There are 2 protein chains.
Amino acid sequence: MRVVIAKCSVDYDGRLTAHLPLATRLLMVKADGSVLIHSDGGSYKPLNWMSPPCAMAEVEPDESEVADGVTAVWVVQHAKSEDRLRVRLHEVHSDTSHDLGVDPGLVKDGVEAHLQRLLAEHITTLGDGYTLTRREFMTPIGPVDILCKDAAGATVAVEIKRRGDIDGVEQLTRYLELMNRDTHLAPVTGVFAAQQIKPQARTLAEDRGIRCVVLDYDDLKGIDNSEHRLF
Amino acid sequence: MRVVIAKCSVDYDGRLTAHLPLATRLLMVKADGSVLIHSDGGSYKPLNWMSPPCAMAEVEPDESEVADGVTAVWVVQHAKSEDRLRVRLHEVHSDTSHDLGVDPGLVKDGVEAHLQRLLAEHITTLGDGYTLTRREFMTPIGPVDILCKDAAGATVAVEIKRRGDIDGVEQLTRYLELMNRDTHLAPVTGVFAAQQIKPQARTLAEDRGIRCVVLDYDDLKGIDNSEHRLF
DNA sequence: GTGTTAATTTCGGCT
DNA sequence: AGCCGAAGTTAACAC
């Protein structure tokens, strides 16, 4: 990895056009040729960048660029599209390279899959007398997250999201339409379960007779832990 | 901005739990206290990070950490949540700081907002006699991009996309259904406007009586420029 | 500030 | 390889 601190201006041309005026920034050139341009603030997203696969070529500045104080020009061309990045370097404060090797990668825990497992294990969170039929119940248009029965024995399809928005309601609606055409399953009611439900999604869901349930991940995990402690 | 190249392991605990095994990486500490951990590949997204507002404290490694070869520990705590990042540094290959100053920021051109503004300013692109009612017309299920009236005075809802896909047609359909239930607005017709419209989206739209309009960004900008030149 | 949508989204899983 | 959905999404913008 090459790390350069330099005063530079940048132009991107591809899916859109973008320009960065002259300022001092950090330029990162990774082993795969990708380039990141960071300022001293903002978030993890660079001001500008080129994703791999791409190639970086260092070319000589032309006459007018030299007159403007440009000492080097980087042309970063994407391998499979017309996306192109042009970095004009003025003063270079630092230019170093380091051998980092291949990264072993990130290990994650606590995403939607986890939420689905916890709700399936504690299905009575949806109401007394609820019983799990199965997780990932397959339909011709995709898997329903959880299929269960309520206290009265009626079938209930559950769609789980971390953040419940309109897309999730549409998804559940499609499943319900399809399943209610199946005389063996019908009638099937819907539950939209999420850690957070957007007002617009709630409006749409309730308008369609779908119940909304807000899940608390820590509560579910808490039940899980306390139950484990009993054994 | 501080840039460190070091062999390190990282633990994140907050919205989820994540762990990075020992390896050599680039650590970036920005002026606002945010921290980015990059490997020599992937894309612009760091392996792990902490977004501002947050504070970074360098603490002494405990006895067992010293035994493992840890020379320093960074604790990065988010200011408004329980999100925390713990970086255990082993060998430090490089540790430099640079004053970058405030960045003037990126100038973009050619995104959807720009397209929407241009079409609103030149609403007769949709037909002679069209008049703008308003942009971002709010409904209970979200904002309609543009609401206008045709030459006959009938209300028209416009959905704008850079790339016209089926999702966009579904979105507009929902708005139209809702608005046509409102006796003050009905009847409302729809226009699906995009720089590029997929054949499937066009078929679906036209089947539902929604007119499709392909927008030419450069043309709209051209009109804009020539009009500005008149004054 | 809250809330919603777009993004040069990126990333992962599955068909 | 393409499609679909999630993400510690982040960023811009309207109310």
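Just so we're on the same page: letters track the sequence lines, and every chain starts at 1. Nothing here was measured: the structure is a model prediction, and the numbers come from that model.
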If you only use heavy atoms from C-beta on, which nucleotide in D/dT9, D/dC15, C/dA6 is closest to the side chain of B/Arg134?
D/dC15
Salt bridge or not between A/Arg135 and A/Asp145? Use side-chain N to carboxylate O under 4.0 Å.
no
So does A/Ser43 get a side-chain nitrogen or oxygen closer than 4.0 Å to the phosphate oxygens (OP1/OP2) of D/dA11?
yes
Which is true for A/Arg84 with a 4.0 Å heavy-atom rule: it touches a base, it touches only sugar-phosphate, or it touches nothing?
nothing
For A/Arg174 and for B/Met50, find the nucleotide of DNA chain D with the closest heavy atom, then tell me which residue's nucleotide is more 5'.
A/Arg174
Of the listed nucleotides (D/dA7, C/dA6, D/dT10), which one gets closest to any side-chain atom of A/Arg162?
D/dA7
So, do B/Phe137 and B/Tyr175 sit near enough that their side-chain heavy atoms are less than 4.5 Å apart?
no
Figure out the CD/P separation between A/Glu170 and D/dC4, and round it to whole Å.
15 Å
By nearest atom, which of the nucleotides C/dA6, D/dA14, D/dT10 is closest to the B/Ser51 side chain?
D/dT10
Check every atom of D/dT10, C/dT5, C/dA6 against the side chain of A/Tyr44 and return the nucleotide holding the closest atom.
D/dT10
With the side chain defined as heavy atoms from C-beta on, B/Tyr175 is closest, among D/dT10, D/dA14, C/dT5, to C/dT5
Hey, what's the ring geometry for B/His38 with A/His38, parallel, tilted or perpendicular (30° and 60° as the breaks)?
perpendicular
Could you tell me whether A/Tyr12 contacts a base, only the sugar-phosphate backbone, or nothing, with contacts defined as non-hydrogen atoms closer than 4.0 Å?
base
Check the distance between D/dA14's P and B/Ile146's CD1 and give it to me in whole angstrom.
12 Å
May I have the distance from B/Glu136 (atom CD) to C/dA6 (atom P), rounded to whole angstrom?
9 Å
Of the listed nucleotides C/dT8, C/dA6, D/dC15, the one nearest the side chain of B/Lys161
C/dA6
Note: for B/Leu106 and B/Gly42 on DNA chain C, the residue whose nearest nucleotide lies more 5' is B/Leu106
From the options C/dT9, D/dA1, C/dA6, select the nucleotide whose nearest atom is closest to the side chain of A/Lys80.
D/dA1
Can you check whether B/Trp49 has a side-chain N or O nearer than 4.0 Å to OP1 or OP2 of D/dT9?
no
Round to a whole Å and report the spacing from CD of A/Glu159 to P of D/dG5.
9 Å
CZ of A/Arg202 to CD1 of A/Ile166, rounded to nearest 0.5 Å, is 13.5 Å
Between A/Leu47 (CG) and C/dT9 (C1'), how many Å, whole number?
16 Å
Quick one: pull up CG in B/Leu20 and CD1 in B/Ile37 and give me the separation to the nearest 0.5 Å.
6.5 Å
Candidates C/dT4, D/dT10, D/dA14 - which lies nearest the side chain of B/Pro143:
C/dT4
Just how far is it from atom CZ of B/Arg86 to atom CG of B/Asp13, taken to the nearest 0.5 Å?
11.0 Å
If you measure from the C1' atom in C/dA6 to the same atom in C/dT10, how many Å do you get, rounded?
14 Å
Assert: residue with more 5' nearest nucleotide on DNA chain D, out of A/Lys45 and B/Lys45, is B/Lys45
